[in-house]
Trainee: 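First the structure, which I've put down as structure tokens, then a few questions once you've had a look.
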Amino acid sequence: MKKVFSIAFFSFALLANVSALDFAVRITPHMTFPLEEERDSGFGGVINADLDLFNFITVGLEGGYTSVKEKALDENYNIFLGGASMGLYFYPLSRLYMSANGSFGIHNMSINSASVDGSAGGTYWRGFGELGFRFTPGFVLSATGGYESFMIDGNPLVKTPYAGVSAKINFSTGKKASSGFMTDFEQDSAAYPVYANMYKNVPLGYASVRNMSTAEVRDVHISFRAGKYSAAEKECASYSILNRYKKVQVPIYADFGPEILRYSENGQINGELVISYSFLGKRMVEVQNIVLDVRHRNSFVWVDTAALACFIDSGTPEILEAAKYIAGTEITNLKPGMNSPLQYAAAIMEGLRIAGIVYSEDTLTPYKDFHDGVKVDSIQYPLQTLNLMSGDYDDIGILVCSCLESFGVGTGFIAMDDDFIVLVDTGIVPEKKTNQFLEDGVISDANTTWLGLSMKNFSKGFTAARTAAAKKLIAMQKDKDTPYEIVDVHAAWEYYPPVAFSGYRGSYKNPSKDAVIKAVNEDIRNYINNDLAVLIKRFRAAGDTKRLADSYVRAGMYAEALAEYQKLNTISSMNNMGMVYAAQKNYKAALNMYNKVLAKDPNNKNALSNIKKIKILTGE
């Protein structure tokens, strides 16, 4: 116990010289109930001066007086005490106070009677607990109960439980007694509007929030809003309890609305940190102003190429309308058995080109100089390119990707030094890509086969863009020393969600449907005369009837395809023959073929579905 006393006293003396400390004074009058039969109940009181540490420990000094009656002498022992104390306390509820304490020290005991007149000193120890109600942060009234033992020469003379009432007064030195919070915001880099949707999960910066109240706060919720730039208030952090003077680092997230994409210059916007909390059972809200550095809405840094996917948006109404119009012209022109993403890509490319979209180098931040550095680039949103009718390689590529995505065709891209390659997801698994394309003309990853389109050759049309991209993809795959990155837009969106830039009107007008169909038909003829012609010769030489028949269908050589399918005589080949007859508008022969399939497989989904479609077409 002496060691405890020494440590407590030394700590108190050391910390007393430090500014900004929390203290408590407790005044505890009490009644004593000695255990010895020869003594009667008494009274007393103790004053504690405590240093409050860590919001749950107290160390300090105490002094007091206890009077215990000696029945035989009909006189009271007068006990004066002084020592060191230590305790633990907590608030299980905002106003409910509980503590457990102990103290050790020295005392002087005296008694005046006819037979005894004198005094003696010794040591004492006390253990006690408190249960109280906090009226204000600075005042707690408690019921106190405990046990104390007074010893002389190591022998206990008085041992007594006691009970009383404690009034505890809290105060601070060096800290301004106040309520509320102190905040400080740090932003490592400016906010980029194109990442608006990212900031729901990626912090804009960090706020240091300190509870400056003279008591703990509970059920704390910290959220952020930025006026007209916010779609909603975004919760950033919550805490069940935040002790007085406690500081926390809060990541600041934001739920930005479309207005952030109207931010057309580098600058600052005012934001608000909204802190909702309970203080001594009362719900309160405090708002702290913070300032955000924000970049121009078109700003972008090519630190991670995949982040460019933020600009590719399939939900902008104007882009949806343009893509629906262009790709819609191709729906009635689709070739049976031919890869539909290829046909839609041809339509989108040709439609945008015919509408008048042209390449125009960005003279301030040209793609060739900015796409592989850390300088701040300026990228156009797809609607801006559509309505300005021009853009750099990456701008046009973003527009093409957005139009394809809005029509359900997956995309990707490769940012090369001198070109921007748009990748069209053909939906063909890598091991089957040579069924429809020359192997070197496409590129694959683990999941799909990509058809490349060179934005450098955008103005020359789909075929020229496809041919130029194929050459670059071939060279790129052969160059084992130069790594390349295929960015799958859908995968990139998981980390870099797109933003919708809408409401911007320009000079774009939909192209002529006849002109689009004419250009696409020319592109398809080129594909047939080059890729498919080579594949047909290859499959014929290998005797691969199934792949030869499929290639004939894609090339529109229906009679040759039927002849090859007849050799197979399988359910799959019969379904394909029904498809060919339907493409020739020979619906009677098609129904007959599907019925043959059902005779062998009554539940064949392909046949049942196609019979239904034909009956709708023929009005049966």
Side-chain angles (χ1 to χ4, degrees), residues 187-205 229 254 256 258-269 292-316 319 359-388 390-403 405 411-423 455-456 484-502 504:
Q187 192 176 0
D188 291 336
S189 62
Y192 286 75
V194 72
Y195 296 149
N197 288 331
M198 278 180 55
Y199 293 128
K200 294 177 183 178
N201 303 301
V202 177
L204 288 157
Y229 298 107
F256 287 117
E259 193 63 31
I260 193 69
L261 296 180
R262 303 284 175 252
Y263 205 79
S264 56
E265 59 183 14
N266 295 335
Q268 295 179 324
I269 62 175
L292 288 181
D293 291 324
V294 181
R295 288 282 188 182
H296 185 284
R297 65 189 174 196
N298 295 103
S299 297
F300 180 75
V301 177
W302 292 78
V303 175
D304 183 359
T305 304
L308 196 70
C310 287
F311 287 94
I312 299 171
D313 173 52
S314 61
T316 302
I319 296 297
Y359 161 74
S360 176
E361 183 180 67
D362 185 339
T363 56
L364 295 177
T365 60
Y367 168 78
K368 295 177 184 179
D369 297 332
F370 277 73
H371 82 279
D372 59 353
V374 295
K375 294 178 288 186
V376 178
D377 198 358
S378 180
I379 306 293
Q380 292 177 184
Y381 292 89
L383 184 57
Q384 289 177 313
T385 303
L386 188 71
N387 288 314
L388 292 173
S390 65
D392 213 333
Y393 297 153
D394 46 359
D395 301 324
I396 295 175
I398 288 168
L399 174 60
V400 171
C401 286
S402 297
C403 288
E405 290 287 351
T411 62
F413 58 86
I414 300 174
M416 306 185 75
D417 289 341
D418 62 343
D419 202 349
F420 188 87
I421 306 297
V422 168
L423 299 175
M455 295 300 100
K456 186 176 183 179
Y484 60 89
E485 178 186 8
I486 294 177
V487 176
D488 182 334
V489 168
H490 285 219
W493 276 345
E494 294 181 12
Y495 300 95
Y496 302 104
V499 294
F501 179 82
S502 183
Y504 183 81

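What's counted below: heavy atoms across the whole structure, side chains too, no hydrogens, waters or symmetry copies.
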Trainee: Check whether Y263 reaches the backbone of Q268 with its side chain - one donor and one acceptor, N or O, closer than 3.5 Å.
Mentor: yes
Trainee: Does the pair Y199 and I260 meet the rule for a side-chain contact (heavy atoms from CB on, under 4.5 Å), with working shown?
Mentor: CA-CA 12 Å; Y199 293 128; I260 193 69; over 6 Å; no
Trainee: What's the separation between atom CD1 in I398 and atom CD in Q384, rounded to the nearest 0.5 Å?
Mentor: 10.0 Å
Trainee: Identify the residue among V489, V400, V487 that makes a side-chain contact (heavy atoms from CB on, under 4.5 Å) with I312.
Mentor: V489
Trainee: Are the side chains of V376 and F300 in touch, meaning some heavy atoms are under 4.5 Å apart?
Mentor: no
Trainee: Quick check: do M455 and D394 have side-chain heavy atoms less than 4.5 Å from each other?
Mentor: no
Trainee: State, with a plain yes or no, whether a side-chain heavy atom of T305 is found less than 4.5 Å away from one of F413.
Mentor: yes
Trainee: Between the side chain of N266 and the main-chain N/O of H296, is any donor-acceptor distance below 3.5 Å?
Mentor: yes
Trainee: Determine whether a donor-acceptor pair (N or O, by modelled atom type, separation under 3.5 Å) exists between the side chain of T316 and the backbone of A500.
Mentor: no
Trainee: Could you measure the distance from the OG atom of S402 to the CG atom of L383? Nearest 0.5 Å is fine.
Mentor: 10.0 Å
Trainee: With rounding to the nearest 0.5 Å, note down the distance linking CG in D304 to CD in E485.
Mentor: 6.5 Å
Trainee: Rounded to the nearest 0.5 Å, how far apart are CD1 of I396 and OG of S390?
Mentor: 7.5 Å
Trainee: Taking side chain to side chain contact (heavy atoms under 4.5 Å, CB included) as the test, write out the residues that go with N201, two or more places apart.
Mentor: none
Trainee: Do Y381 and V499 have side-chain heavy atoms sitting under 4.5 Å apart?
Mentor: yes
Trainee: Kindly give the heavy-atom pair with the smallest separation between A306 and A492, and that separation in Å.
Mentor: O-CB, 3.7 Å
Trainee: Any idea which heavy atoms bring L204 and A254 closest together, and the distance?
Mentor: CD1-CB, 3.6 Å
Trainee: Listed by chain and number, what are the side chain to side chain donor-acceptor pair (under 3.5 Å) partners of S502, not counting sequence neighbours?
Mentor: E318
Trainee: Can you find a pair of side-chain heavy atoms, one from I486 and one from L423, that are under 4.5 Å apart?
Mentor: yes
Trainee: When you look at OH of Y495, are more than 12 heavy atoms from neighbouring residues, nucleotides or ligands closer to it than 6.0 Å?
Mentor: no
Trainee: Against the six-membered ring of F501, is R262 placed for a cation-pi contact (under 6.0 Å from the centre, within 45° of the normal)?
Mentor: yes
Trainee: Run the side chain to side chain donor-acceptor pair (under 3.5 Å) test against D377 and tell me which residues pass, sequence neighbours left out.
Mentor: W302, T365
Trainee: Is there a side-chain contact (heavy atoms from CB on, under 4.5 Å) between C403 and I319 once you walk through the steps?
Mentor: CA-CA 6 Å; C403 288; I319 296 297; 4.2 Å; yes
Trainee: Under the salt bridge (Lys or Arg N to Asp or Glu O under 4.0 Å) rule, collect the residues that match up with K200, sequence neighbours excluded.
Mentor: D255
Trainee: Listed by chain and number, what are the ring pair (Phe, Tyr, Trp, His ring centres under 6.0 Å) partners of F370, not counting sequence neighbours?
Mentor: none
Trainee: If only atom types and distance count, is the side chain of Y393 paired as donor or acceptor with the main-chain N or O of K368 below 3.5 Å?
Mentor: no
Trainee: Does a side-chain heavy-atom distance below 4.5 Å link L292 with Q187?
Mentor: yes
Trainee: Measuring from Q380:CD to S360:OG, what's the distance to the nearest 0.5 Å?
Mentor: 8.5 Å
Trainee: Any sub-3.5 Å donor-acceptor pair from D395's side-chain atoms to T385's backbone N or O?
Mentor: no
Trainee: Report yes or no: does E405 contribute a side-chain atom to a donor-acceptor pair with the main-chain N or O of T411 at less than 3.5 Å?
Mentor: yes
Trainee: Work out which heavy atom in R297 is nearest to a heavy atom in L261; give both atom names and the distance.
Mentor: CD-O, 2.8 Å
Trainee: Angle between ring planes, Y195 versus Y496, binned at 30° and 60°: parallel, tilted or perpendicular?
Mentor: tilted
Trainee: Who are the side chain to side chain donor-acceptor pair (under 3.5 Å) partners of Y367, not counting sequence neighbours?
Mentor: none
Trainee: If I compare all heavy atoms of D313 with all of P382, which pair ends up nearest, and what's the gap?
Mentor: N-CG, 4.5 Å
Trainee: What are the two closest heavy atoms between W493 and S314, and how far apart are they?
Mentor: CH2-OG, 4.1 Å
